[in-house]
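Right, one structure below, let's go through it.
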2 protein chains.
Amino acid sequence: MVNSSILLKEYDLKVTPQRVAIVDELYKHGHMNIDELYKNLLEKFPSISLATIYKNINAMVDKIFLNEVKIPETKSVYELAKEEHSHLVCQSCGKIEDIVLDTTLLQNSLKGVSNFKVESTELVFSGVCQNCQ
Amino acid sequence: MVNSSILLKEYDLKVTPQRVAIVDELYKHGHMNIDELYKNLLEKFPSISLATIYKNINAMVDKIFLNEVKIPETKSVYELAKEEHSHLVCQSCGKIEDIVLDTTLLQNSLKGVSNFKVESTELVFSGVCQNCQ
DNA sequence: CTGGGTGCAAAGTATTTGCATGAAC
DNA sequence: GTTCATGCAAATACTTTGCACCCAG
């Protein structure tokens, strides 16, 4: 379990029950889109508004506390920021897994053919997860 | 130059001037978002409607004739389908370049740690292009 | 106390749909 | 002639904004 309050404070975000719940949900599920988040938070906060979700998500993304992950054919999901990693997206069940892969070889082969200066690498594998195979 | 009419026919899409223009624009620019496409097509077709653009883009994506490319922090762009490739996105000028990289090494290292069956790989490098450096 | 967060309602933006007309085949 | 695309208007979906009230610090 994470201590969401401390995390929020570290990112200069006022600690409110709604925000704590957002962080808890994301920690629990790893990746969620806006609708899933809203639906789940409604159980704890029957009068929470979508505007609150959007404002908080945007604030957290601005503070680089959350990342938005854009995935082919699907809505964006959000995740707590952490070390750079890739995503495995199951086309069958929709599950998204994180995986840390070394991309230095790839970046080296890129250097061989281009002068592009890489700041960040976004890598999404779509396919079928172990469970669904 | 591509022969857009023939391409459209190959993908079972009726050949209309609007569609030909969409293909020509995408061929010329490589990657465009909906607004850019609309803005450019308005010059040739002053009464073209956004609905037409959306309907055609969706039809072409369904036929796997176009790809939608989702890029961090930006609107999606569309490109003519072709061999799998990666994208270099310049955070300074916004330019998007295609680049073909061999991802087999990467997929092999993935195999080492996961049973995920990869169907497709989406790879986007964000950074600074040669011109902007 | 003060600044900022919340929820509501409204506005703004993006995308889709239904339909009458017209063009492609 | 039949099928399907176009453009318009309306509907729906998604996201942001303004504001009054309230809570965290």
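A note on names: the letters A, B, ... follow the listed sequences, proteins ahead of strands, and every chain is numbered from 1.
Here the nucleotide nearest the side chain of A:Ile48, chosen from C:dA24, C:dG7, D:dT15, is C:dG7. Of the candidate nucleotides C:dT16, D:dT15, C:dC8, C:dC8 has the atom lying nearest to any side-chain atom of A:Ser49. In this structure, of C:dG7, C:dG5, D:dA5, it is C:dG5 that holds the atom nearest to the side chain of A:Lys14. Taking the side chain of A:Val15 as heavy atoms from C-beta on, and the options C:dT6, D:dA24, D:dT15, the nearest nucleotide is D:dA24. Closest to the side chain of A:Asn56, from the set C:dT6, D:dT3, C:dT15, is C:dT6. The nucleotide whose nearest atom lies closest to any side-chain atom of B:Asp35 is, among D:dG7, C:dA14, D:dT17, C:dA14. Checked against D:dT15, D:dA5, D:dC8, the side chain of A:Ile34 finds its nearest nucleotide in D:dT15. In this structure, the nucleotide among D:dA24, D:dT6, C:dT16 sitting nearest to the side chain of B:Asn58 is C:dT16.
If you check every strand for non-hydrogen atoms under 4.0 Å, B:Thr52 touches a base.
If you take CD1 of B:Ile22 and P of D:dA5, they are 12 Å apart, rounded to a whole angstrom. The NZ atom of B:Lys44 sits 14 Å away from the P atom of D:dG7 (whole-angstrom rounding). Distance CG (B:Leu50) to P (D:dA11): 18 Å, rounded to an integer number of Å. Regarding A:Tyr54, its OH atom lies at a distance of 18 Å from the P atom of C:dA9, rounded to whole Å. Remark: P of D:dA5 and CD1 of B:Ile53 are 15 Å apart, rounded to the nearest angstrom. We find that CG of B:Leu41 is positioned 11 Å from P of D:dT6, with the value rounded to whole Å. Between B:Met60 atom CE and D:dT6 atom C1' there is a gap of 13 Å when expressed in whole angstrom units. Whole-Å rounding puts the B:Ile57 CD1 to C:dT15 C1' distance at 13 Å.
Of the side-chain N and O atoms in A:Gln18, none sit less than 4.0 angstrom from OP1 or OP2 of D:dC23.
The nearest heavy atom of DNA chain C to A:Phe45 and to B:Thr16 marks one nucleotide each, and the one closer to the 5' end goes with A:Phe45. When each of A:Lys75 and B:Leu13 is assigned the nucleotide of DNA chain D with its nearest heavy atom, B:Leu13 is the one assigned upstream, toward the 5' end.
The closest side-chain donor-acceptor pair between A:Ser76 and A:Glu68 falls under 3.5 angstrom. For the residue pair B:Glu84 and B:Ser120, no side-chain donor N or O sits within less than 3.5 Å of a side-chain acceptor on the partner. Defined by atom type and a distance below 3.5 Å, a donor-acceptor pair is present between the side-chain atoms of B:His87 and B:Glu79.
Using a 4.5 Å heavy-atom cutoff, the side chains of A:His85 and A:Leu101 are not in contact.
One N or O donor and one acceptor, one from the side chain of B:Lys55 and one from the base of D:dG7, sit under 3.5 Å apart.
Remark: side-chain polar atoms of A:Lys117 are not paired, donor with acceptor, to backbone N or O of B:Gly127 under 3.5 angstrom.
Expressed to the nearest 0.5 Å, how far CG of A:Leu50 lies from NZ of A:Lys55 amounts to 11.5 Å.
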